[in-house]
Number of protein chains: 2
Amino acid sequence: MRFDIPLLTEQIRAGDRRALARAITLVESGRDDHRSLALDLLDQLGTDRQALRIGLSGTPGVGKSTFIETFGLMLTARGLRVAVLAVDPSSARSGGSILGDKTRMEHLSRDPAAFIRPSPSQTQLGGVARRTRDAVRLCEAAGFDVVLIETVGVGQSETVVAQMADLFVLLLAPAGGDELQGVKRGIMEMADMILVNKADGELKPQAMRTCADYAGALRLLRKRPQDMEGYPLAMTVSALDSTGLQTAWDRMETLAHWRQETGIFASTRADQARHWFTEDLRAEVMALLTRDPDLRARMTTLEDAVARGEMTPAVAARAALAPLRGA
Amino acid sequence: MRFDIPLLTEQIRAGDRRALARAITLVESGRDDHRSLALDLLDQLGTDRQALRIGLSGTPGVGKSTFIETFGLMLTARGLRVAVLAVDPSSARSGGSILGDKTRMEHLSRDPAAFIRPSPSQTQLGGVARRTRDAVRLCEAAGFDVVLIETVGVGQSETVVAQMADLFVLLLAPAGGDELQGVKRGIMEMADMILVNKADGELKPQAMRTCADYAGALRLLRKRPQDMEGYPLAMTVSALDSTGLQTAWDRMETLAHWRQETGIFASTRADQARHWFTEDLRAEVMALLTRDPDLRARMTTLEDAVARGEMTPAVAARAALAPLRGA
């Protein structure tokens with residue numbers, strides 16, 4: 001594939017979805033020459049356009065595809081342009097992320113105001129995180145108003161998504177008593193809103209009980225500076241019946257506006273940007289280091305010795321870098 | 001201060017507490033020549049001796065000093081040698097960590113089988129973490145059986161302590177209804193045991209209620225692979241009356257033995273060692289980079305542009321490293 005950066009820049013800024021898809025393919029590429037072109041493209045696109053970035057976490061079975069489909073269509077019906085990205089480091093192994101099968105969001109995927117992109121297929125979360133952040137920037141440059149970043153909740157992927165989102169939403173399904181244990185440690189702490197889905201038909205009473213349980217659990221947590229009065233909150237929705245989704249969006253907007261007015265929105269973004277700068281810097285430095293095969297082999301040997309407890313990490317790190325110190 | 005590494009190695013392995021204290025001063029030093037000597041020392045000391053590393057988190061007011069004093073004396077009375085280290089990045093600002101004033105642990109600090117060391121006074125958590133890990137290795141080389149790593153619970157310091165501990169214990173005080181919110185987000189998720197202290201006198205009923213509340217909250221969390229049946233657990237103790245401490249220690253030993261038998265103990269240490277190797281490698285690389293004043297100034301300018309949203313982190317990272325790419 002050939003990439004004409006000035007042309008691609010122009011097409012993306014004009015909102016061309018096929019150009020956007022090609023650009024995301026470029027930022028996802030592992031090739032050095034592609035990386036260089038991707039950075040040129042990001043540089044050209046600038047940072048003047050911004051979307052509301054919403055992180056959405058939910059394990060399989062909570063009805064996330066249906067939620068994104070219905071929620072996304074509600075937003076486009078309001079005149080908003082919606083992009084959906086995924087962070088799912090396991091997609092390479094499991095043979096397809098939740099978004100791999102676009103037919104599960106058949107209406108949204110055909111909506112000209114929407115753009116859906118599955119997770120990059122890499123096994124390394126760090127790699128997926130970098131690629132997805134770059135994809136968020138591309139979607140913003142293409143004029144999308146809302147970027148939904150969804151994660152299936154494997155390993156540390158929620159933390160990564162929370163670090164690139166303005167709001168973090170946790171989607172749950174109704175559960176019986178013992179199943180409440182199912183929320184992964186640490187996720188509840190990151191949520192701005194917990195949505196208990198499937199509050200329809202026979203499951204409705206159970207959804208309301210689950211919601212009350214989580215509302216109680218949220219009250220056990222200490223307030224964070226970014227918590228508006230009444231947040232984090234738990235509420236029920238039904239993606240199937242399309243109930244509660246308008247209210248959920250109103251609550252998201254209310255929180256986002258409050259954070260904008262208090263300056264928390266901007267300061268969080270500044271902190272996130274600093275964080276990613278450091279991460280990118282580290283990744284680039286490590287790439288520089290491991291490009292050399294001798295150095296890479298040396299690092300692997302040392303890491304194994306450290307893991308076996310035969311060497312102290314600090315000593316091994318010094319040994320790994322000895323060739324760089326003009327030795 | 002002059003450091004004779006072969007002599008220091010010999011003295012530490014002989015269990016000399018003054019030599020240990022000097023060695024910790026060496027690993028805490030920010031000087032390049034000291035760092036080099038510290039790494040020589042760690043290299044010489046090897047990794048054949050190992051202690052049980054217990055992370056202990058508790059905010060001011062929970063009676064942590066009294067707990068460490070009583071718990072530590074109980075362990076030394078059992079013939080165990082106990083080292084107490086602290087991770088408290090705020091100590092430089094607050095003018096002294098909880099361990100700064102050894103008189104609060106006057107019996108333990110005079111016990112020849114114990115060694116107490118306040119937190120290194122640095123404002124950067126990363127720096128404190130590295131120094132403390134090195135200090136843990138030094139204590140192990142000096143033949144200590146138990147290393148207590150305490151943290152006052154500022155910022156991310158519990159995560160750092162959990163990443164260097166075999167067991168993680170959270171110490172709490174009895175609290176009334178609303179005060180339950182006081183547990184910082186994410187800490188409960190890391191705990192293997194929650195000890196509700198001050199279960200004595202008038203506070204006893206309240207301590208038992210608090211304990212029951214946290215036991216209930218722990219049940220809401222999903223089991224981790226490192227959780228033995230019945231763990232994580234919540235129990236009451238009184239450091240003042242010395243009640244529950246023997247039981248607490250038995251529970252810690254039971255969990256540690258189970259983890260040893262299942263191989264979880266060793267695999268957790270291997271994962272931690274790999275983690276710290278990567279962290280040390282990154283810190284060393286960043287140190288190499290920021291030693292040059294021009295490069296450092298360039299990085300600061302770029303980071304500020306990123307924080308203001310004027311530049312994408314990835315683009316800024318490439319620009320920061322341009323001088324290294326043979327440009």
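No hydrogens, no waters, no symmetry mates; every other heavy atom, side chains included, goes into these values. Since we're looking at a predicted model, the values are computed, not measured. Letters A, B, ... mirror the listed sequences (proteins, then strands); counts begin at 1.
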Contact part of [X] toward chain A, heavy-atom cut-off under 4.5 Å: side chain, backbone, both or neither?
X	result
B/Ser267	neither
B/Asp134	side chain
B/Arg133	side chain
B/Arg137	side chain

Residue among B/Ala307, B/Ala316, B/Gly216 with most heavy-atom pairs under 4.5 Å to chain A: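 Sorted descending by pairs with chain A, the first entry is B/Ala307.
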Interface residue of largest heavy-atom contact number with chain A, from B/Leu45, B/Thr312, B/Leu42, under 4.5 Å: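 Most pairs with chain A among the choices: B/Thr312.
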Considering all heavy atoms, the nearest B/Thr210-B/Ala173 contact: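 It is CG2-O, 4.0 Å.
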Determine yes or no for a side-chain-to-main-chain donor-acceptor pair under 3.5 angstrom, with [X] supplying the side chain and [Y] the backbone.
X	Y	answer
A/Trp276	B/Val306	no
B/Ser29	B/Thr25	no
A/Arg298	A/Ala319	yes
B/Arg259	B/Gln226	yes

Winner by heavy-atom pair count (cut-off under 4.5 Å) against chain B, out of A/Leu302, A/Thr278, A/Asp40, A/Asp48: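 Most pairs with chain B among the choices: A/Asp40.
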Ion pair B/Asp304/A/Arg274, N-O distance below 4.0 Å: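 Salt bridge present between B/Asp304 and A/Arg274.
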CA sep, side-chain torsions, deciding dist, call: B/Glu140, B/Arg53, salt bridge (Lys or Arg N to Asp or Glu O under 4.0 Å): CA-CA 9 Å; B/Glu140 293 189 319; B/Arg53 307 168 190 165; 2.9 Å; yes
Atom group of A/Asp271 that falls short of 4.5 Å from chain B, counting heavy atoms: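 When you check distances to chain B, no heavy atom of A/Asp271 falls under 4.5 Å.
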Structural part of A/Arg35 lying under 4.5 Å from a heavy atom of chain B: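 The side chain, not the backbone.
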